[in-house]
Amino acid sequence: MKKLLLSILALVAVVGLSKAETITVNVNDATEITGEHFPEKPKEGTSNGEAEKWQPLESLKLGNFLFEFSTTGKTAPAYYKTMSTATGGQYTIRVYAGTKVKVTAPAGFTMANVSFKGKNADSGLTLTATPGSMTLNGNNATWTGSANSFSFEVSAKWQITEVTFSDENGGTTPPDQPGDDKDYLTFAKATQIEAGEYAIVAEGKAAKCLTGKTYGYINGEAVTVADNQVKAPAECVFTFTQANGGYYIQDSENRYLYMKGTYNSYNFADDLGDTEDGALWTVSIAANGEATITNTAKSKIVQWSVQYNSFGAYSEVTNVLPVLYKKVTSSVSAVEADNSNLPVEIYNLQGVRLLNSDNLPAGVYVRRQGSEVSKILVK
């Protein structure tokens, strides 16, 4: 009988405990699937039945990698299982003309190569990626670049069955430990706006203080969004203070953001009196979480520019609107620290969560319950 032995070594990370050239995840192992769910329809009479599916598919995870889906086409993306009567069936992610897929890696993991194994690709299939590039070889495709997050759009039907991720160093780094000495804070997705401290996030990047400059476009810090939360360093904190007709926004150095002239970049001032009446912003949050942050003096809207890889403010919405995440207070964190009632999760050393952990093969695994993480040995 197999026995789990707790190691005396406590780990601070759930995944990435050992370097690996690649992480491969089969679509059968997808978790946290969201979208409109249709249960299986069993065979009945002359009907062959229908497999369980999610369509439209909104998001899912392969290991610790988040996939988000949207479309401008007629057919919505979907996640299909096989009929329960079938054995050894292959589940599929199905994308169609106009489907856009956003892939986000864990924090600290910079993707350099992502390989997609697929099937049933239409002859006219093309793939357009931002950032990076994608090449198609029959039913399979490869993305190359250097990013924590990238998106691609498909022109025709395609089914994805397996994805392999490689980083710039040919290995993995822990998603909960970004690999530096920064003090990382936790933020939760905002559904309404109020005064407080926020992270401004778009395309896997959090806006961060432009230290040492009095004007310019705001750069982004690579972050990972998971479970409607994001972890970001202190320089990514922006304070929203309510004012008459809107909000003032200050960066982590307490400088006011304002606009002047015809520029799409920002200016920063220590004193509100030096902002030339250009520091007032209105903020609204849509049902999908996108925030419209508008400078009242210039009628320009905060957006992430994929072309310039930075946050600017533009008259028309032609780029990516950000999502606001409010800083989690210590009182909330204290509640979360009680792990006794939280579910136990088991991962392999490549960072893939194992859904069926009752009959594990012999080897070393990672056990997580809330914030408590330990190494286990199965004999």
Side-chain angles (χ1 to χ4, degrees), residues 22-41 50-83 86 89-106 111-145 147-166 202-204 224-226 288-290 306 320 352:
T22 60
I23 297 175
T24 299
V25 187
N26 192 288
V27 169
N28 286 22
D29 298 322
T31 61
E32 300 182 21
I33 307 166
T34 64
E36 187 172 359
H37 179 229
F38 295 87
E40 177 178 307
K41 292 183 179 180
E50 294 182 14
E52 183 180 13
K53 67 177 181 179
W54 284 256
Q55 190 175 25
L57 174 64
E58 296 175 355
S59 66
L60 55 75
K61 278 189 173 181
L62 294 180
N64 283 312
F65 295 81
L66 176 65
F67 285 66
E68 297 172 280
F69 303 85
S70 60
T71 186
T72 57
K74 295 181 179 179
T75 306
Y79 179 79
Y80 271 77
K81 290 190 173 183
T82 54
M83 297 293 289
Q90 175 62 59
Y91 304 169
T92 54
I93 296 171
R94 301 187 184 187
V95 293
Y96 304 88
T99 296
K100 184 176 181 180
V101 183
K102 181 181 178 182
V103 183
T104 304
M111 294 178 287
N113 183 287
V114 179
S115 299
F116 297 82
K117 185 177 180 181
K119 65 178 184 178
N120 298 336
D122 278 0
S123 59
L125 176 65
T126 59
L127 304 169
T128 306
T130 305
S133 61
M134 293 191 76
T135 56
L136 185 65
N137 182 15
N139 288 314
N140 304 324
T142 302
W143 174 86
T144 54
N148 174 261
S149 177
F150 70 92
S151 299
F152 66 91
E153 188 168 345
V154 304
S155 66
K157 184 175 68 175
W158 183 36
Q159 298 181 19
I160 301 169
T161 58
E162 187 178 88
V163 185
T164 299
F165 308 87
S166 298
E203 296 290 286
T224 296
V225 178
N288 65 358
E290 291 181 342
V306 175
V320 181
V352 178

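For the salt bridge (charged side-chain N to carboxylate O under 4.0 Å, His left out) test, residues two or more places apart in sequence or in another chain that qualify with Lys81 are Glu52. Shown here are the side chain to side chain donor-acceptor pair (under 3.5 Å) partners of Asn26, two or more places apart in sequence or in another chain: Gln90. Under the rule for a salt bridge (charged side-chain N to carboxylate O under 4.0 Å, His left out), Glu58 has no partner lying at least two apart in sequence or in another chain. For Asn137, the side-chain contact (heavy atoms from CB on, under 4.5 Å) criterion is met by no residue, not counting sequence neighbours. Scored by the side chain to side chain donor-acceptor pair (under 3.5 Å) test, Thr99 finds no partners at all (sequence neighbours excluded). Residues meeting the side chain to side chain donor-acceptor pair (under 3.5 Å) test with Thr92, sequence neighbours left out: Arg94. Partners of Val225 by side-chain contact (heavy atoms from CB on, under 4.5 Å), not counting sequence neighbours, listed by chain and number: Val201, Val230, Tyr325. Taking the ring-ring contact (aromatic ring centres under 6.0 Å, His included) definition, one finds that Tyr79 meets it with Trp54, sequence neighbours left out. Under the side chain to side chain donor-acceptor pair (under 3.5 Å) criterion, Thr142 pairs with no residue at all, not counting sequence neighbours.
Note: Phe67 and Phe165 have perpendicular aromatic rings, judged against thresholds of 30 and 60 degrees for the angle between ring planes.
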Decide yes or no on side-chain contact (heavy atoms from CB on, under 4.5 Å) for Val306 and Val320, but give the supporting numbers first. CA-CA 8 Å; Val306 175; Val320 181; 4.1 Å; yes
Using side-chain contact (heavy atoms from CB on, under 4.5 Å), reason through Ile93 and Leu60 one step at a time and then give a plain yes or no. CA-CA 10 Å; Ile93 296 171; Leu60 55 75; 4.1 Å; yes
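Between Trp143 and Phe152, the distance separating the two ring centers is not shorter than 6.0 angstrom.
Residue pairs meeting the salt bridge (Lys or Arg N to Asp or Glu O under 4.0 Å) criterion with at least one partner in residues 61-73, sequence neighbours excluded, are Glu32-Lys61.
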Please report, to 0.1 Å, the donor-acceptor pairs under 3.5 Å made by any side chain of residues 111-133, with sequence neighbours excluded.
from: Asn113; atom 1: OD1; to: Ser115; atom 2: OG; distance (Å): 3.2
from: Thr126; atom 1: OG1; to: Ser155; atom 2: OG; distance (Å): 2.8
from: Ser133; atom 1: OG; to: Thr144; atom 2: OG1; distance (Å): 3.4

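With a 4.5 Å cut-off on side-chain heavy atoms, Tyr80 and Gln55 count as touching. Proximity of Asn148 to Thr104: side-chain heavy atoms (C-beta onward) are separated by under 4.5 Å at one or more points.
The backbone N or O of Ile23 sits nowhere less than 3.5 Å from a side-chain atom of Thr164 that would complete a donor-acceptor pair.
Under a cut-off of 6.0 angstrom, the local environment of NZ in Lys157 is sparse, with at most 12 non-hydrogen atoms contributed by other residues, nucleotides or ligands.
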